[in-house]
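Shown next, in structure tokens, is the structure this report addresses.
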Amino acid sequence: MDTTDRRILRILQQDARITMTALAEQISMSVPATAERVHRLEEQQVIRGYHADISAAATGYEIEVMMLVTAHAGAEQSLCQLIEDRPEVVAAWDLAGRTGLMLRVICKDMASFQTLVESFQQVATTESYFCLHQRKGAQFPLEDV
């Protein structure tokens with residue numbers, strides 16, 4: 001990955017809907033060369049996809065929680081299946097350390113969150129942190145080499 005690729009990624013992080021023409025202008029390359037670079041970054045899984053950043057609150061999901069989860073002895077497989085089966089779990093990370101997993105959970109209301117927690121109590125211990133406001137998004141710095 002070179003400096004131009006990193007510039008492309010920085011621009012796409014800011015505006016994934018930018019046209020190839022506008023992107024090409026910003027990096028001072030031809031449209032075909034720019035499109036080829038973007039396609040190569042997609043094939044290499046550097047660019048893993050494009051998505052809309054949707055407000056959970058604006059769509060009726062009032063509760064956002066980060067949950068620390070540790071499986072009960074012998075229940076690791078059941079916990080993994082539960083995470084896959086519950087649409088409220090929108091992201092999951094394996095952790096190094098005392099806690100096994102961190103989950104991002106979005107629920108319509110406190111009652112649905114309580115139901116979710118009860119389902120987890122059968123296979124794991126949980127610790128919940130309610131999100132009040134997101135201060136920073138998921139973009140990360142891409143430094144030039």
Hydrophobic clusters here meaning ILVMFWY residues chained together by side-chain heavy-atom distances under 4.5 Å, can you tell me if [X] and [Y] are in one?
X	Y	answer
L41	I18	yes
M110	L132	no
M66	I63	no
I47	M1	yes
Y50	L23	yes

Applying side chain to side chain contact (heavy atoms under 4.5 Å, CB included), run through V105 and V90 and close with a yes or a no. CA-CA 6 Å; V105 173; V90 297; over 6 Å; no

Stepwise, does the side chain to side chain contact (heavy atoms under 4.5 Å, CB included) test hold for L101 with L68? CA-CA 6 Å; L101 291 159; L68 298 178; over 6 Å; no

Between D2 and R37, is the closest basic N to carboxylate O distance under 4.0 Å?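 Yes, this pair counts.
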
Lys/Arg N to Asp/Glu carboxylate O, E64 vs R104, below 4.0 Å: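 Judged by the 4.0 Å cut-off on N to carboxylate O distance, E64 and R104 do form a salt bridge.
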
Specify the closest pair of heavy atoms between [X] and [Y], including all atoms of both residues, with the distance to one decimal.
X	Y	answer
Q134	K136	NE2-O, 2.9 Å
M20	A35	SD-CA, 3.8 Å
C107	S112	CB-OG, 3.3 Å
S119	L82	O-CD2, 3.5 Å
S128	M67	OG-CG, 3.7 Å
A58	S55	N-OG, 3.1 Å

For residues T70 and R98, is any side-chain donor paired with an opposing acceptor at under 3.5 Å?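 Side-chain D/A pair, T70 to R98: absent.
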
Does the side chain of Q81 come under 3.5 Å of the side chain of Q77 through a donor N or O and an acceptor N or O?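 No, no side-chain donor-acceptor contact under 3.5 Å.
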
Side chain to side chain contact (heavy atoms under 4.5 Å, CB included) assessment of M29 paired with T4: CA-CA 9 Å; M29 290 184 71; T4 302; 3.5 Å; yes

Ring centre gap for F113 and F130 strictly below 6.0 Å: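 Centroid separation for F113 and F130: below 6.0 Å.
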
Kindly compute the distance separating [atom1] ([X]) from [atom2] ([Y]), expressed to the nearest 0.5 Å.
X	Y	atom1	atom2	value
T34	E25	OG1	CD	10.0 Å
L103	I83	CG	CD1	4.5 Å
I8	I27	CD1	CD1	4.0 Å
D85	C80	CG	SG	11.0 Å
W93	M102	CH2	CE	5.0 Å

Sub-3.5 Å donor-acceptor pair from the side chain of [X] to the main-chain atoms of [Y], do we have one?
X	Y	answer
T99	L95	no
T125	Q121	no
Q44	V46	no

Take E84 and V89, measure what side chain to side chain contact (heavy atoms under 4.5 Å, CB included) needs, and give me the verdict at the end. CA-CA 8 Å; E84 288 299 317; V89 178; over 6 Å; no

